[in-house]
2 protein chains.
Amino acid sequence: MSLLPQIFQVGCAYQPGDYLFTAGERADDQFHVRSGMIKTYFINSEGTEYVTGFYLPGEVVPRVLEDGLHSQSAVALETSTVCRLNTLQFRDTATKEIAVALCEHAESSALQSLRYQLNLRNGSAAARFAGFCAQMADRLSNQGRDRHHIPTPMTRTDMASYLGLTLESLSRVISKLKTSGVIRAEKTFVEIKEPETMAVLASHLN
Amino acid sequence: MSLLPQIFQVGCAYQPGDYLFTAGERADDQFHVRSGMIKTYFINSEGTEYVTGFYLPGEVVPRVLEDGLHSQSAVALETSTVCRLNTLQFRDTATKEIAVALCEHAESSALQSLRYQLNLRNGSAAARFAGFCAQMADRLSNQGRDRHHIPTPMTRTDMASYLGLTLESLSRVISKLKTSGVIRAEKTFVEIKEPETMAVLASHLN
DNA sequence: CGAGGGTTTGACTCTGCTCAAAACGTGTGG
DNA sequence: CCACACGTTTTGAGCAGAGTCAAACCCTCG
């Protein structure tokens, strides 16, 4: 896992709205975020957008493949730096150790996915939002950043989609937590003022 | 992907209730189902069980790891044959091609996970059940079996947990579909009598 | 035949969705 | 510099679907 930063070298700048890759494209590359935030999503047959994740500096944007093609798109939410690794040339030159490292990364990222599923399955609107904050907090502190200051460059619509809620439901939850002093929420960030209260909410699944 | 059956060789018999592995155990092995059905689940801090998947012959039981330890348990629902592969000795002897094959398997299984998430996020009780049936149907026909005859050795409680529904809600959905002639449901299987109706239900997400 | 687990059905409650309108914020043009 | 228009967010009222609690039913096993 600690191998990853070494594997990815060349960085590239993306502006808000720039795509790392889009659904249907050949998946030739792996992407490692260095700064900013990346959102992944896909659009179903009825044209509805489903946000599937937000990725922070230090994280690898997961590849979800169908016959070697990306099944989702990845877009920058703010000005971001992202390193790219071509998997084809990588396969020739890489050692088996690196292949195993990437494999292990895939296995351990399944855990994140599992926790997310749990949040979606059970859990009130408040629990889902609190769970989201907790997850972001953990990931931020993994990268050595302030776990109580969560950047939110995405729209509320994006966040609601990710949480499987309507925009209105999410807005109500945030308002309530704001007026009760548990959080402070601006357009660009959420500040956790009472971590204990949030922890209780997050663990209270239905 | 077609490499997988070759990689796994030695088969082993499990009785209903026998564990392939349990949460917290060292994850030294990979498991490939040959017959029967395997259920994976985990138990949260409050002691509630969350069913995370059901695995058919021909499929690999996914490893969800936390610091090299299993974060979920896998148990046989009926008499099953399962092949086991020790990953440690495998790492020494395996070629890079095999490592890459297992890595690609992990990447493509993320797609299944994504579809499942979509079902959980949006979707009424009927849509979730129909989506479950559709998913099982696809996987059954992948293995050359009848896609309209879905074996259900798990309890309704298990199925409800997997779908993020209460036992009662699931029961009501099944009853309704049964009396309207869309499916035939017995304790051990579900027979799809009107695939078109089920397809409509599954795609109707909220 | 009785006991127990699993399942079905019923009545009621409540949370989150829908529809609708108002408020906010930002950028553009007069 | 202000007015307006558009996108985003907030707030409100009413409703529907899933959850909860409870009782009856079914089936298997002892």
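Side-chain atoms are counted along with the backbone in the values below, which use heavy atoms only and exclude waters and symmetry mates. Keep in mind the model is a prediction, meaning the values are calculated, not measured. Proteins come first, then strands; the chains are lettered A, B, ... in the order of their sequence lines, and each starts at number 1.
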If you check the [X] side chain, which of [options] turns out closest?
X	options	value
Ser124(B)	dA18(D), dT11(D), dA22(D)	dA18(D)
Arg172(A)	dT8(D), dA11(C), dA13(D)	dA13(D)
Lys178(A)	dC17(C), dT10(D), dT9(D)	dT10(D)
Glu168(A)	dC19(C), dT8(D), dT10(D)	dC19(C)
Leu165(B)	dG19(D), dT9(C), dT8(C)	dG19(D)
Thr155(B)	dT7(C), dT8(C), dC17(C)	dT7(C)
Ser169(A)	dT8(C), dC17(C), dT8(D)	dC17(C)
Thr166(A)	dC17(C), dT7(C), dA20(C)	dC17(C)

Would you please say whether a donor-acceptor pair under 3.5 Å links the side chains of Arg34(A) and Thr81(A)?
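Absent: no donor and acceptor within the cut-off.
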
If I take atom [atom1] in residue [X] and atom [atom2] in nucleotide [N], what distance separates them, rounded to the nearest angstrom?
X	N	atom1	atom2	result
Leu167(B)	dG5(C)	CG	C1'	12 Å
Lys187(A)	dG27(C)	NZ	P	11 Å
His204(A)	dC14(C)	NE2	P	14 Å
Asn122(B)	dA18(D)	CG	P	13 Å
Lys176(A)	dT11(D)	NZ	P	11 Å
Arg156(B)	dC26(D)	CZ	P	15 Å
Glu186(A)	dC24(C)	CD	C1'	13 Å
Leu170(A)	dT9(D)	CG	C1'	10 Å

So, is the end of the Arg139(B) side chain (NZ or CZ) under 6.0 Å from the ring centre of Tyr55(B) and within 45° of the ring's axis?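 Yes, a cation-pi geometry holds between Arg139(B) and Tyr55(B).
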
Rounded distance [0.5 Å steps], [atom1] in [X] versus [atom2] in [Y]:
X	Y	atom1	atom2	result
Gln72(A)	Ile43(A)	CD	CD1	12.0 Å
Cys133(B)	Gln135(B)	SG	CD	10.0 Å
Asp28(A)	Phe21(A)	CG	CZ	12.0 Å

Report task. Could you tell me whether the phosphate oxygens of dG6(C), OP1 or OP2, come under 4.0 Å of any side-chain nitrogen or oxygen in Thr157(B)? Result ->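 Answer no for this pair, as no side-chain N or O of Thr157(B) is under 4.0 Å from OP1 or OP2.
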
Original post:
Using a cut-off of 4.0 Å on non-hydrogen atoms, how would the nucleic acid contact of Gly164(A) be classed: base, sugar-phosphate, or nothing?
Top reply: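 Sugar-phosphate, backbone atoms only, no base.
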
